[in-house]
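The block underneath contains the structure these notes are about, expressed in structure tokens.
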Amino acid sequence: MSIEAGLQRYEKVNEMIKEELQKKNKVTVKDVNGQRYIGCALDAGKVIEIYGTPGNDMACYLNGGRVEVFGNCQDAVGNTMNGGEIIVHGHSGDAMGYGMRDGNIFIKDNVACRGGIHMKEFENMKPVLVIGQNAGSFLGEYMAGGTIVLLGLGLKRGEKLFGTHCASGMHGGKIFVRGSFPKENLSPNIKVLNLSEEDKKELNGYVKKYCKYFGADYDMIMNKPFKKLVPATSRPYANLYTAN
């Protein structure tokens, strides 16, 4: 049995999902048309499969569960998620992974503006955002921890890997970028480094998972070199408002 969202209000759809998940661990929701908050605070061991286009804040506060979308997403997917996994077989709107604190997000195609903004990590909580194509402006803005992987797959002529102000205010974490990228769009407080052996091992795991989920060619992806973007300082705005 699956839930038909259709044109029902988001409150009703989420109530039906909640009722089904009390009886079993997996539920399928079809014909989704922008309903918000699907999978909000979903606990570990619970799975939601979504067909259609979920609305804002899908899987916000995700608490260990798994949400897979066979379509595109709107804004703030994975907002402040605490753990678990989100897989999107399409593209995503703004603020993907806003403030995410743990868990993994895999996006087959592109992410709009402010992907990974305010990502953070603490001890063993290390969030990961993997993007298959490219990202809009302010990728990794104010990033304090975690990892973003930007693969640049299927870019058309003239398309850039990321938009303006990439990593603006970034003071922690790292961004792996594949192939050439627009250095003029990179914030001045960022260092560009070669990957260490430890970096390569970590990246390898993320790319293999991406290929598994979306049927991509691992050898083709790894055939291009990667660079690592990291903050040059933990206080990028130390002297912006007052001498310090």
Side-chain angles (χ1 to χ4, degrees), residues 78 80-83 86 92 94-107 110-153 155 159-210 221-241 244:
T80 324
M81 63 184 282
N82 297 309
I86 300 170
S92 163
D94 295 337
M96 160 63 71
Y98 177 92
M100 67 182 293
R101 298 180 280 198
D102 199 10
N104 300 303
I105 301 178
F106 289 85
I107 307 295
N110 65 296
V111 168
C113 296
R114 288 190 159 91
I117 177 175
H118 284 298
M119 281 177 67
K120 52 186 68 79
E121 65 181 68
F122 179 70
E123 296 184 346
N124 292 327
M125 299 175 69
K126 297 181 179 181
V128 178
L129 169 58
V130 181
I131 303 166
Q133 289 186 353
N134 56 351
S137 297
F138 295 97
L139 175 71
E141 184 181 26
Y142 307 128
M143 191 173 172
T147 302
I148 295 176
V149 180
L150 195 55
L151 297 177
L153 301 175
L155 295 185
E159 283 187 317
K160 295 183 177 181
L161 189 59
F162 49 74
T164 59
H165 307 290
C166 178
S168 175
M170 180 182 182
H171 53 281
K174 56 185 175 290
I175 303 175
F176 293 126
V177 293
R178 174 179 171 270
S180 60
F181 56 90
K183 293 181 176 62
E184 69 277 10
N185 287 358
L186 191 61
S187 295
N189 62 296
I190 298 303
K191 294 190 296 185
V192 180
L193 305 176
N194 292 322
L195 271 60
S196 66
E197 289 304 312
E198 186 177 344
D199 291 331
K200 292 176 183 177
K201 183 178 179 181
E202 180 184 356
L203 176 65
N204 186 60
Y206 303 146
V207 173
K208 283 185 174 179
K209 270 196 170 183
Y210 179 90
I221 292 175
M222 300 306 291
N223 200 34
K224 266 190 178 181
F226 283 81
K227 292 289 186 180
K228 180 171 70 170
L229 311 181
V230 296
T233 173
S234 62
R235 302 181 67 206
Y237 297 136
N239 296 310
L240 183 61
Y241 301 108
N244 199 316

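The basis for the numbers below is simple: all heavy atoms, side chains too, and nothing from hydrogens, waters or symmetry mates. Positions are given from 1 along the sequence.
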Heavy-atom check, side chain of Ile107 versus side chain of Val130, under 4.5 Å: no
From CE (Met100) to NZ (Lys120), nearest 0.5 Å: 10.5 Å
Side-chain heavy-atom pair Met143, Ile175 within 4.5 angstrom cut-off: yes
Contact check, side chains of Pro127 and Thr147, non-hydrogen atoms, under 4.5 Å: no
Minimum side-chain heavy-atom gap Phe106-Ile86 below 4.5 Å: no
Distance-minimising heavy-atom pair for Ser187 and Ala167: OG-C, 3.6 Å
Heavy-atom side-chain contact between Asn185 and Lys160 under 4.5 Å: yes
Stepwise side chain to side chain contact (heavy atoms under 4.5 Å, CB included) test for Val230 and Ile190: CA-CA 6 Å; Val230 296; Ile190 298 303; over 6 Å; no
More than 12 heavy atoms from other groups under 6.0 Å of CD on Glu184: yes
Worked verdict on Tyr210 versus Val149 for side chain to side chain contact (heavy atoms under 4.5 Å, CB included): CA-CA 10 Å; Tyr210 179 90; Val149 180; over 6 Å; no
Geometric cation-pi criterion, Lys183 with Phe181: 6.0 Å, 45°: yes
salt_bridge(Lys228, Asp199) N-O dist < 4.0 Å: yes
Ring centers of Tyr142, His171 separated by less than 6.0 Å: no
Approximate separation, where rounding is to 0.5 Å, of Arg101 CZ and Met81 CE: 10.5 Å
Value rounded to 0.5 Å, distance of CD1 in Ile148 from CE in Met96: 11.0 Å
Which atom of Gly115 lies closest to which atom of Leu129, heavy atoms considered: C-CD2, 4.3 Å
Reported CG-to-CD distance for the pair Asp102 and Glu121, which is rounded to 0.5 angstrom: 9.5 Å
Expected output: side-chain Asn189 to main-chain Pro231 donor-acceptor under 3.5 Å: no
Audit row: Glu202, Lys126, salt bridge (Lys or Arg N to Asp or Glu O under 4.0 Å) steps and yes/no: CA-CA 12 Å; Glu202 180 184 356; Lys126 297 181 179 181; over 6 Å; no
Thr164 versus Ser137, closest heavy-atom pair with distance: OG1-OG, 3.0 Å
Worked verdict on Ile221 versus Arg178 for side chain to side chain contact (heavy atoms under 4.5 Å, CB included): CA-CA 8 Å; Ile221 292 175; Arg178 174 179 171 270; 4.0 Å; yes
Rounded distance (nearest 0.5 Å) linking atom CZ of Phe176 with atom CG of Leu150: 12.5 Å
Arg114 side chain near Tyr98 side chain, heavy-atom distance below 4.5 Å: no
Phe226 versus Leu195, closest heavy-atom pair with distance: O-CD1, 3.4 Å
Donor on one side chain, acceptor on other, Asn194 and Lys227, under 3.5 Å: yes
4.5 Å side-chain heavy-atom contact, Leu139 and Ile131: yes
Spacing of CG belonging to Asn110 relative to CD belonging to Gln133, to within rounding of 0.5 Å: 5.5 Å
Under-4.0 Å salt bridge between Glu197 and Lys200: yes
Note, Phe138 side chain near Cys166 side chain (heavy atom, < 4.5 Å): no
Verdict with reasoning, Val128 to Ile105, per side chain to side chain contact (heavy atoms under 4.5 Å, CB included): CA-CA 6 Å; Val128 178; Ile105 301 178; over 6 Å; no
